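If you're wondering where the values come from, they're calculated on a predicted model, not measured in any experiment. Order of the sequence lines sets the chain letters (A, B, ...), proteins ahead of strands, with each chain counted from 1.
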Amino acid sequence: MASVTEQEGVEFLEHYLTKTLRVSVSDKRVFVGQLKCTDKDCNVILALTQEYRPPPDEDIQAAAVSQGEGSAPLQLQFTNRYVGLVVIPGQYITKIEHEEWAA
Amino acid sequence: MTDPEGLTEETARLNIDNDVTTTVDAAQTAAQQPAPVIVGNKRLWDITRQFREASSSLPTGRLIKDQNFTLFESVGALEIMDPKMDSGFLAPGETLYDTYDVLQELLPEEVIGIMDQIMCYEMAWHQGYPLSQTLFTSHYIDRLLWPEPKSLEDAQFDRQSTSNLAGKPMLRILRAYCIGLIKCCDLVIELILRSHYFEEEDFSTHTYNRDLFRRVELDNILPTLGEASDLVDQLAANENISRQQKDLIQAISDRIFLRRTVLIAFDSILLNKRKPEWSPVSNLVSAILDSHPLGKPVSQAFSQKIQRRLTSTVPPRPVVDLEFDEAMKLMKQLSDDCTAAYDVFQCISEGPEPLRSFLFAFSARKPEPLPYARSCVSEGVLARVELHFVDLFRKDLELLVLPDSVVLDPINWTIEAPLSSTPNPRYEMAQLIDSFTSKALPDFGGYMDFWRALTSNRCRLRRQLTHVILGLDELQREAEDMDSMLETFVDDADSNMEEPLFRWAYHQKLRVMQWIVQLGFELDVYLTDELAGMYWVLVSITRLRINILRTIFSFAEARHQIMSNSNMDGSNPRLKQVQKTIDFCRAQLALCEGTEALAEALYTLYTHLHYLHLLPNVASTEPYYDPTLRYEARMKPFLTLQEGFIMEMFGKWNSVIQPFGDFDRPDEDMSAKADGLCDIVETTARVARTAFSNLKGMGPAKMGAERIEHAWLADVNGHLASTIATQLSVSYLRTAIRKRKIRDVILEIPEPGKRHHGWWILPKISIKSS
């Protein structure tokens, strides 16, 4: 992959400012918020952020056991809460997604 | 708007407009073209790789940011994965919440353990810690309050279960106890929020969106506690239980009774001023302290992780640990303070002086009353505002400057405005006093603020009084005009003092100034090398006050003479009123004369100690030390007042604090002066002692302090002891000088709390034995 020049990088990143991003971090949480700021180390500042947390493994196992054998997929809720303005250090980011309403 | 490939219109335009960037755009489109993942009604594009590449192309220090987003704002952002900031951060293996089975029936000793722990948290909350770090760490309380119960019946440990804790008596008792506790918290918060000033600075009223049964009446809560008592009684009635079990049940019963007592007491002060019944508390506290070792702590019943559900932006903070003994001591103190606080209702009806001495004594209580107890006092003083302040103000005027005066005759207020052009003097007087009252009362720093200040704790009292003097200064100016108008309406010049309103305002102002300086000593505001100067200021203020008081005193005495000559007997209410003014002036004069003399003694003593180089001279060794600047800083509250001597001193301050020239190079031979200075200290201290003993002889009634006789006596004794200690110190000093043993002198300045009286900082002098 050809390395990206600074100007190209800036344009790419500026395009996503104020857009809604889904940022996954290493402990499996997902943060959904508006991109406000980023830098060289991919540190990301999100505004109006909601935090989503996957159910703990024990709960998944418990649900699988209680549902028994069957083809229906398990239904477990992510717990979410509002955390507002956050900065996510780049080193913990595992995935960045751009989110949009499907028309 | 999106095009079929899932690109936004903007990106598309970007691609067309910027030919230069084709490579990136190709990369972009290549990555974005794979159809977006559709989750629910959202489309998602994975841009991880591009994002990372783009950001790594940035030079160090370059930020890509929204132009409306400031770096200042970013300071407030929470850093994810930082254990101190990220409330969702979990250490490896850590779970988000602790699991605890609240439906597991408990042993009696466990219930005691939990109740006692709750008690500790409750008192920690009273001390000012937030609910989140104290009571709200309990799983039981959390379950009762969240989700928000719609009724009291709804408040269960488990909302799903229909069994209603059948067959689990211990849990039912604990539930009742918790409900009683929650209502207690609610009542405390309600009162503290009602008190008009500052208490919320010392106390956390935040309930984290939990409703603490605000709408549930006490009458609905008490039966729940009653049921718990019944349950306990049933258990106790069982004859088969052992002695040990009986003790356990008695211990639980005591705790429920304490909760009930406190709950009713908290409620009664709010409602109809029923006297809160705190008397059982002190016995219960000792019983509970005795039975505390029977309990078995259940630490799993509390978890600091519950805080995660209370606030999302703050990671769990450490739970506040208060020792049980300490908690019970606080409970006892709370009950004592609240009992004492209730006297405020009587004091208000007795007049301004009893109220003032009560409030002063209350704020001086040691240990300092908890915010709740202070709120009880301010509730008493401030809750029914309009009703009594006018009354209080008129009584204040009457006591000092207008005893038995036609000006304050209640009849004046019943006279209607005359129809003819000739003014009715009585009507005009009432108008004038009303207008003076309305000027004095509501303004910032006015008479009401004065009372409000007195309900605060000591530090705030001093700070707020500095606002009050500004209002009084203004009032003093107004009073001069009003006095001249008043004069035209009063025909009987003998029975009225000249310039009564001016004198009242001026005296009140000087009194407040005196308190500000004295509270400065009490609160250790001044440095050691400033003490001499500040005692000098105190002398100046009291001297002015004494002048006014003497004038008023001689007027009142003359008046009394005339009235007794005209065959009025001693029981005549008019004569009594004048007598009251005489008594008040006499007691105040004794206090002021004592204060003036002792302050002068200390001024002389400290100055002398400076010349003997016995005091650490902290300030003057500093490079930018300037006595005038220091004076300005200390006089700040007084600088805008129309008070001559404060401003005059600006040029002369150096000669006040260094009357014989520089401490290192005195103009005169200090060894020749030493004896004379010691003489001055001794004489003035003796004068002070006589004055304070006089005051003690007069008793508390003359100052309106009957209700707080103990505190009053302790206060006067403190003054007396200070004069004696001063005499003692100076005699040691004299011996040291005579024997030329100045170098062997040990000088101690006692800390606050270790003084005979907070207002007198006495140097303790002793001689090293060789």
Side-chain angles (χ1 to χ4, degrees), chain A residues 1-19 21-27 29 31 34-47 51 53 56 58 79 81-103, chain B residues 1-2 6 8 10-11 14 18 20-21 23-24 27-28 32 36-69 71 73-74 76-82 86-90 95-96 308-309 312-313:
Chain A
M1 166 86 212
S3 69
V4 183
T5 66
E6 182 186 340
Q7 193 194 358
E8 293 158 358
V10 170
E11 276 167 16
F12 177 84
L13 294 172
E14 281 185 343
H15 168 69
Y16 284 104
L17 284 177
T18 72
K19 301 255 162 40
L21 296 190
R22 281 191 181 192
V23 180
S24 309
V25 296
S26 49
D27 70 354
R29 278 182 292 168
F31 295 90
Q34 286 178 9
L35 180 66
K36 283 290 176 189
C37 183
T38 183
D39 67 357
K40 179 177 175 58
D41 299 321
C42 203
N43 300 320
V44 168
I45 297 185
L46 298 181
E51 178 205 73
R53 181 188 297 275
E58 304 91 76
T79 47
R81 55 183 197 135
Y82 179 73
V83 286
L85 189 67
V86 297
V87 45
I88 309 173
Q91 50 173 320
Y92 300 116
I93 294 176
T94 53
K95 193 179 190 186
I96 301 175
E97 290 163 298
H98 173 217
E99 178 188 293
E100 245 181 20
W101 286 97
Chain B
M1 287 279 276
T2 54
T8 62
E10 264 174 58
T11 327
L14 198 77
N18 298 324
V20 217
T21 61
T23 49
V24 184
Q28 271 182 7
Q32 292 196 355
V37 186
I38 297 197
V39 181
N41 49 7
K42 302 275 177 59
R43 280 182 225 214
L44 296 174
W45 290 272
D46 187 344
I47 53 168
T48 318
R49 190 174 52 83
Q50 298 94 313
F51 203 97
R52 280 211 181 269
E53 273 167 11
S55 61
S56 61
S57 75
L58 298 172
T60 308
R62 171 89 195 251
L63 291 176
I64 303 296
K65 66 177 195 68
D66 180 9
Q67 49 183 337
N68 295 324
F69 181 74
L71 283 178
E73 252 182 289
S74 74
L78 297 170
E79 188 169 329
I80 298 302
M81 303 300 277
D82 176 341
D86 179 6
S87 55
F89 175 81
L90 299 179
T95 53
L96 192 61
R308 286 214 171 94
R309 284 210 295 273
S312 58
T313 48

Nearest heavy-atom neighbours spanning [X] and [Y]:
X	Y	result
B/Ser74	A/Ile45	CB-CD1, 3.8 Å
B/Trp45	A/Glu100	CH2-OE1, 3.3 Å
B/Leu90	A/Arg53	CD1-NH1, 3.4 Å
A/Arg81	B/Ser87	NH2-OG, 2.8 Å
A/Thr94	B/Thr48	O-CG2, 3.9 Å

Options [options], ranked by heavy-atom pairs under 4.5 Å with chain B, top entry:
options	value
A/Ile93, A/Leu21, A/Ile88	A/Ile93
A/Pro56, A/Ala47, A/Gly84, A/Cys42	A/Cys42
A/Gln91, A/Lys40, A/Gln34, A/Glu14	A/Lys40

With chain A, which of B/Asp82, B/Leu58, B/Ile80, B/Asp86 has the greatest number of heavy-atom pairs at distances under 4.5 Å? B/Ile80

One option among B/Glu79, B/Arg309, B/Arg62, B/Met81 has the most heavy-atom pairs under 4.5 Å with chain A, and it is B/Met81

Chain B contact via [X] - side chain, backbone, both or neither, heavy atoms under 4.5 Å:
X	result
A/Leu13	both
A/Val23	neither
A/Glu51	side chain
A/Thr38	both
A/Leu17	side chain

Ignoring hydrogens and angles, tell me if any N or O in the side chain of B/Arg52 forms a donor-acceptor pair with the backbone of A/Gly90 under 3.5 Å. yes

On the 0 to 90° scale, with breaks at 30° and 60°, tag the B/Phe51-A/Tyr16 ring pair as parallel, tilted or perpendicular. tilted

What part of B/Leu96 lies closer than 4.5 angstrom to a heavy atom of chain A: side chain, backbone, both or neither? side chain

Tell me whether A/Lys36 is salt-bridged to B/Glu73, with the criterion being a basic N under 4.0 Å from an acidic carboxylate O. no

